[in-house]
Amino acid sequence: ARAELLRPDGTLLFDELSWVARRAADLPAGDLMAQEARAMGEALAARAAAAPMPWYEGPVVFEGEAAADLFRYLLTDQLRGTPPEPSGDREFGAAMQRGPRLGRRVLPEGWAVHDDPRDVPAGLPGGYRYDREGVAAQRVDLVEDGRVRDLVMSRVPRGDRGSNGHARGGVQGRWEGRLAHWTVSPRKLLSDAAFDRKLRAVQRAAGVDRVLVVRRLERGWEGDLPRPSHAVWRSADGSEQPVLALEFQSIDRRSLRDVVAASGNQVRAYLASRSGHGKAGGVSGMPVVLQAPSRVLVEELEGAQPGAEQEPPSYPAP
């Protein structure tokens, strides 16, 4: 479900919802999806009436879909180990240096990530017993104590690492080590009350009177955090005001080290692009399931009003 709105000043706003399931019968009830779509449209209309925001620097709370997508966009390419294809314009060693590296810190101390295609929750897609190359799927412990300890692999070798049953891709094209059902586990999962106390402490230290809360992100490219499509300002009294438009500044995988609190649990199913470092379409792609906290607090991020240049609307084919 997609909603678009063009303000009189030429600012194009849009938001999008998607539901991913293994079968049509596993989708939410139709009236529930319609209710969520109406709420999306109402939030978009409220956002269109908001005043522009010139600059923000301070704590950011990611909730729901956005909390899972924070890891989806900034962490995925650090966990895939299939080496890049040979290229005539760069040396293989140089290409490898820009890729994932074992031992690299990607999360705070105590955090862990594992992937197990055999253990996908009922009703959700993405699971399998054997990968595209016929190798039995295995659980892989990817991150331990915040550092990369292993990678999802295909049969294309990388140093002393061979396949661990994670070759995925389309019927045609290259098969690569890709995530299937991955779980992000914090060192300590706080209660909602403890999370709110930590948020207030971080807010006081930053000296800001309101906090940015992001609930949904646009579709984007792996390795970069897209613009929020649904975000609000939350004041100390709990009141919320919609954010017109915002894009994050100078954010990459290192920003995940500044996560200082997490609470709740969620299961997020999404469609990833079929090639590494790609951008998934709204109704196509490779199904992936991510289990992650439902609220994540990043101590400090910078955000600014996007420039006047806006991408033209992109309508899906009928």
Side-chain angles (χ1 to χ4, degrees), residues 1-2 16-24 26-27 65 68-87 95-96 98-100 113 115-121 123-138 140 142 151-158 161-184 217-226 253 267-292 311 314-318:
R2 183 177 172 94
E16 190 174 75
L17 288 173
S18 63
W19 301 268
V20 181
R22 190 170 60 88
R23 302 173 305 168
D26 296 323
L27 288 167
E65 287 186 17
D69 286 347
L70 176 70
F71 302 106
R72 168 190 174 185
Y73 285 112
L74 298 184
L75 193 55
T76 297
D77 61 352
Q78 299 300 308
L79 306 177
R80 294 197 308 253
T82 301
E85 292 183 286
S87 172
M96 290 290 289
R98 289 194 290 269
V113 179
D115 186 285
D116 191 347
R118 306 164 302 174
D119 191 32
V120 173
L124 294 177
Y128 55 87
R129 294 175 58 198
Y130 295 89
D131 70 3
R132 280 287 188 183
E133 296 171 332
V135 179
Q138 304 172 31
V140 183
L142 300 164
L151 303 165
V152 290
M153 295 292 299
S154 64
R155 285 182 181 267
V156 180
R158 172 193 168 101
R161 276 174 166 72
S163 177
N164 48 31
H166 281 77
R168 302 190 72 194
V171 176
Q172 297 179 330
R174 189 172 185 240
W175 296 336
E176 301 176 321
R178 305 294 297 276
L179 297 165
H181 170 219
W182 55 305
T183 302
V184 178
L217 298 167
E218 299 176 5
R219 289 199 308 270
W221 302 87
E222 293 174 359
D224 189 25
L225 197 64
R253 59 175 172 77
V267 178
R268 167 95 163 106
Y270 62 91
L271 297 175
S273 70
R274 295 192 181 276
S275 60
H277 309 286
K279 186 175 183 179
V283 293
S284 65
M286 192 168 55
V288 179
V289 175
L290 168 57
Q291 294 190 242
E311 293 184 5
S314 176
Y315 296 101

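Partners of Gln291 according to the side chain to side chain donor-acceptor pair (under 3.5 Å) rule, which considers only residues two or more places apart in sequence or in another chain, are His181. The side chain to side chain donor-acceptor pair (under 3.5 Å) test applied to Arg268 returns Asp69, not counting sequence neighbours. Ala21 is linked by a side chain to side chain contact (heavy atoms under 4.5 Å, CB included) to Asp26, Leu27, counting only residues two or more places apart in sequence or in another chain. Partners of Arg174 under the side chain to side chain donor-acceptor pair (under 3.5 Å) rule, at least two apart in sequence or in another chain, are Glu176. Residues satisfying the side chain to side chain contact (heavy atoms under 4.5 Å, CB included) criterion with Pro157, sequence neighbours excluded, are absent altogether. Not a single salt bridge (Lys or Arg N to Asp or Glu O under 4.0 Å) links Asp131 to another residue, sequence neighbours left out. With sequence neighbours left out, the salt bridge (Lys or Arg N to Asp or Glu O under 4.0 Å) criterion links Arg118 to Asp116. Residues satisfying the salt bridge (Lys or Arg N to Asp or Glu O under 4.0 Å) test with Glu16, not counting sequence neighbours, are Arg2, Arg219. Considering only residues two or more places apart in sequence or on other chains, Leu124 meets the side chain to side chain contact (heavy atoms under 4.5 Å, CB included) condition with Val120, Pro121, Val267, Ala269, Val289. Residues that satisfy the side chain to side chain donor-acceptor pair (under 3.5 Å) test with Tyr73, not counting sequence neighbours, are absent from this structure.
Shown here for Met153 and Ser163, the closest heavy-atom pair between the two residues is O-OG, 3.8 Å. For the pair Pro100 and Gln78, the tightest heavy-atom approach, listed with the atom from each and the gap, is CB-O, 3.3 Å. Across Asp115 and Ala180, no two heavy atoms sit closer than the pair OD2-N, 2.9 Å. Closest approach of Asn164 and Leu151 over heavy atoms only: ND2-O, 2.8 Å.
Residue pairs meeting the salt bridge (charged side-chain N to carboxylate O under 4.0 Å, His left out) criterion with at least one member in residues 161-172, sequence neighbours excluded: Asp150-Arg161.
Note that the CD atom of Glu65 and the CG atom of Leu70 stand 13.5 Å from one another [nearest 0.5 Å].
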* To do: Using the side-chain contact (heavy atoms from CB on, under 4.5 Å) rule, take Trp182 and Leu79 through it: C-alpha gap first, then chi angles, then the decisive distance, then the call.
  => CA-CA 11 Å; Trp182 55 305; Leu79 306 177; 4.2 Å; yes
